[in-house]
Structures are given as structure tokens and as C-alpha cells.
Amino acid sequence: MRVLLDESVPRVLGFELTGHFVRTAQVAGFAGLSNGDLMKAMLAEGFEVLITFDQNLTYQQNENLPVKVLVLVASDNRVATAKRFVSQILQSLQENTSARVERLVVTI
């Protein structure tokens, strides 16, 4: 899958998602885009999944999100915390569900 890491996600997480095409918002040229513009840019570039720590993103967008959004829910977005999501993210990327938003949670 073509996966975009939002600006809130440490870039090193991308190295853990083997078997997928992963780019950061910065590398893709999407840094600073509002959420609506980010979604449009993702579609134009063929991205299928957005991974973010932004809890508000799904509330700011309408329910018909054009891409799958994985919202990582944790008390911080440090590298060590982000890496704790790897198995859940990989499992979600393998599943072919119609859910447009998935909240993945880890406790620290």
C-alpha cells in the first residue's frame, strides 16, 4: 500500500512498515497543508492510507474520507511510542476493511 505519515508521526516509523511504500508528508511535499488539502494531494499522488497522531483530523473532515486514516492514540508521539504501534499498523494494512477511520491504541 501507499502510506503517508502525517507531520505528527516520527519518520522512523516508516522504516518499520516493510512491504509498503511509505513517505512522510514533508518528503512528499505536503508539509503545512491543511487537512482538506492534504487529502486532495494524497489522492492526486495515489496514497491510500494516512497515519497520524492528530486526534482531531477525522472530526475536521467529513465522514466520506477519500483515504483510510489510522489514528494512533497514545499519551505522546515519541519514536519509542510510535514503534509500539507497528504490529497493529501492519495488521490494519493487511486487512481489507471498508472502515475509513481506525483508532489504534497503546498504553504506556
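Keep in mind the model is a prediction, meaning the values are calculated, not measured.
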Please name the pair of heavy atoms, one in [X] and one in [Y], separated by the smallest distance, quoted to 0.1 Å.
X: Thr52; Y: Asp6; result: OG1-OD2, 2.7 Å
X: Phe30; Y: Leu4; result: CD1-CD2, 3.7 Å
X: Leu5; Y: Pro10; result: CD1-O, 4.0 Å

Examine distances only and state if a side-chain atom of [X] and a backbone atom of [Y] form a donor-acceptor pair shorter than 3.5 Å.
X: Glu7; Y: Gln26; result: no
X: Ser8; Y: Phe53; result: yes
X: Arg2; Y: Gly46; result: yes
X: Arg100; Y: Val69; result: no
X: Gln55; Y: Val71; result: no

Decide salt bridge (charged side-chain N to carboxylate O under 4.0 Å, His left out) for Lys68 and Glu48; before the verdict, give the C-alpha distance in whole Å, the side-chain angles of both, and the deciding distance to 0.1 Å. CA-CA 6 Å; Lys68 183 174 187 172; Glu48 303 163 277; over 6 Å; no
Under 3.5 Å, which donor-acceptor pairs link side chains of residues 12-25 to any protein atom two or more places apart or in another chain?
residue	atom	partner	partner atom	Å
His20	ND1	Met1	N	3.1
Thr24	OG1	Val27	N	3.0

Are side-chain heavy atoms of [X] and [Y] found at a separation under 4.5 Å?
X: Val3; Y: Leu50; value: no
X: Val9; Y: Asn77; value: no
X: Val49; Y: Val67; value: no
X: Ile89; Y: Leu104; value: yes

Rounding to 0.5 Å, atoms CG (Asn35) and CE (Met42) come to a distance of 11.0 Å
Roughly how far apart are Arg84 CZ and Leu72 CG, rounded to 0.5 Å? 12.5 Å
Can Asp76 and Thr81 be counted as having a side-chain donor-acceptor contact under 3.5 angstrom? yes
Starting from Val106, can I reach Val79 by hopping between I/L/V/M/F/W/Y residues whose side chains sit under 4.5 Å apart? no
